[in-house]
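Ligands are counted one by one from 1 in listed order, and the atoms in each one are counted from 1 as well. What you see below is based on every heavy atom in this structure, not just the backbone, and it leaves out hydrogens, waters and symmetry mates.
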Amino acid sequence: MRILVSENNIQRRVGELAALINRDYAGRRLLVLGILKGSLIFLADLVRRIRVPLRYEVVVISSYRDGTEPGAVDFYGELPQAEPDEAILVVEDIIDTGQTMSKLRRWLDAHYNRSVGLCVMLDKQGRRNNVVELDYVGFTLETNDFLVGYGLDYAGGMRNLPFIAALEEGETE
Ligand code: IMP
Ligand code: MG
């Protein structure tokens with residue numbers, strides 16, 4: 001595999017995102033909604049750097065990937081209720097085609113009577129086919145590579161790598 005974003009660069013960027021969020025949501029209360037399983041590690045790092053009072057909840061979304069190709073999207077469980085004074089911020093690992101996020105957006109819009117912020121670690125723009133508006137982006141990559149690490153998996157593994165890497169030929173069989 002080829003490392004695209006080092007552990008140091010990830011941690012520095014998480015700090016910068018938290019600083020933006022602290023500024024934008026100053027004086028508010030946050031409901032941070034993590035999309036599992038991919039965002040688990042990003043969520044854990046990010047919330048520990050946010051200084052605005054918050055609670056976090058999680059929902060599980062599976063996009064059934066046949067190896068590295070996108071497939072159907074499944075949502076599990078229910079979206080949590082938000083208190084009237086809570087601002088909602090969704091935390092996701094990666095946007096690829098945008099299919100998952102545009103479905104999630106519809107689900108969020110149907111459920112919440114307010115705008116919902118969206119924070120993603122990686123915006124992988126190589127094969128986007130759904131328009132998705134992102135409020136906070138860790139890294140934008142023009143690549144089509146399949147990425148692993150920092151929560152991203154290949155066939156369930158490699159989520160625990162502390163960096164973000166591209167799989168190379170021969171590694172995806
Ligand atoms: P999308 O629906 O094509 O935008 O893909 C969204 C979901 O697919 C993400 O939430 C990830 O779970 C997964 N995914 C997309 N690209 C990658 C990748 O490069 N590595 C690992 N998982 C990915
Ligand atoms: Mg995901």
Side-chain angles (χ1 to χ4, degrees), residues 1-7 9-11 13-14 17 21 31-47 56-80 88-112 115-173:
M1 64 182 73
R2 188 163 37 90
I3 296 181
L4 297 186
V5 191
S6 70
E7 182 173 6
N9 282 344
I10 292 173
Q11 292 305 328
R13 187 66 187 138
V14 170
L17 292 175
I21 291 166
L31 166 57
V32 179
L33 184 59
I35 311 301
L36 297 192
K37 298 177 215 150
S39 80
L40 179 71
I41 292 172
F42 178 36
L43 177 72
D45 281 346
L46 185 68
V47 291
Y56 64 81
E57 298 283 345
V58 295
V59 288
V60 179
I61 297 183
S62 267
S63 30
Y64 285 99
R65 293 204 161 229
D66 172 16
T68 60
E69 291 309 309
V73 180
D74 260 5
F75 299 83
Y76 299 96
E78 284 175 20
L79 289 171
I88 305 169
L89 180 67
V90 166
V91 174
E92 173 63 308
D93 51 0
I94 184 168
I95 312 287
D96 180 14
T97 65
Q99 187 195 187
T100 307
M101 197 34 78
S102 52
K103 286 191 179 155
L104 176 61
R105 266 278 183 224
R106 263 174 267 145
W107 201 33
L108 293 165
D109 289 343
H111 191 264
Y112 295 116
S115 72
V116 173
L118 180 55
C119 176
V120 299
M121 189 64 205
L122 286 170
D123 181 4
K124 192 169 85 171
Q125 298 190 326
R127 52 180 185 182
R128 183 71 37 83
N129 55 26
N130 293 265
V131 178
V132 186
E133 274 178 41
L134 306 173
D135 300 287
Y136 306 95
V137 176
F139 299 94
T140 301
L141 302 173
E142 302 291 334
T143 176
N144 281 325
D145 290 342
F146 194 76
L147 309 176
V148 293
Y150 201 63
L152 296 169
D153 73 304
Y154 174 62
M158 307 193 207
R159 292 191 196 272
N160 56 315
L161 297 174
F163 48 78
I164 294 164
L167 284 187
E168 292 175 296
E169 246 181 85
E171 292 180 315
T172 57
E173 266 118 60

Please check whether Val148 reaches ligand 1 - meaning an N/O of the residue sits under 3.5 Å from an N/O of the ligand, judged on distance alone.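 Between Val148 and ligand 1, no N or O pair is found under 3.5 Å apart.
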
Determine, considering heavy atoms only, which of Ile94, Ile95, Asn130, Leu147 sits nearest to atom 20 (N) of ligand 1.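 Answer by nearest heavy atom: Leu147.
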
Check Lys37 with Asp153, please: is the shortest side-chain N to carboxylate O separation under 4.0 Å?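 No, Asp153 and Lys37 are not salt-bridged.
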
Quick check: closest heavy atoms across Asp45 and Gln11, and the distance to 0.1 Å?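 Scanning both residues, the minimum pair turns out to be OD2-NE2, 3.0 Å.
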
Which of the numbered atoms in ligand 1 are below 4.0 angstrom from a heavy atom of [X]?
X: Thr100; answer: 1 (P), 2 (O), 5 (O), 6 (C), 7 (C)
X: Gln99; answer: 2 (O), 4 (O)
X: Asp153; answer: 21 (C)

Test of understanding: given a 4.0 Å heavy-atom threshold, classify the contact between Met101 and ligand 1 as side chain, backbone, both, or neither.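 Answer for Met101: neither.
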
Side-chain contact test, heavy atoms from C-beta onward, threshold under 4.5 Å: evaluate it for Val58 versus Leu43 and give yes or no.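 Val58 vs Leu43: side chains touch.
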
Within a strict 4.5 Å, meaning less than it, do heavy atoms of the Leu108 and Ile88 side chains meet?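 SC-SC contact between Leu108 and Ile88 ruled out.
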
Is the ring pair Trp107/Phe75 parallel, tilted or perpendicular, if the boundaries are 30 and 60 degrees?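 Plane angle between 30° and 60°, so tilted.
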
So is Lys37 in contact with ligand 1, going by heavy-atom distances below 4.0 Å?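 No, Lys37 has no heavy atoms under 4.0 Å from ligand 1.
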
Is the shortest distance from a heavy atom of Gly98 to ligand 1 less than 4.0 Å?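 Heavy atoms of Gly98 do come under 4.0 Å of ligand 1.
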
In this structure, are over 12 heavy atoms from other groups packed under 6.0 Å from Tyr56 atom OH?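 Check fails, neighbour count at 12 or below.
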
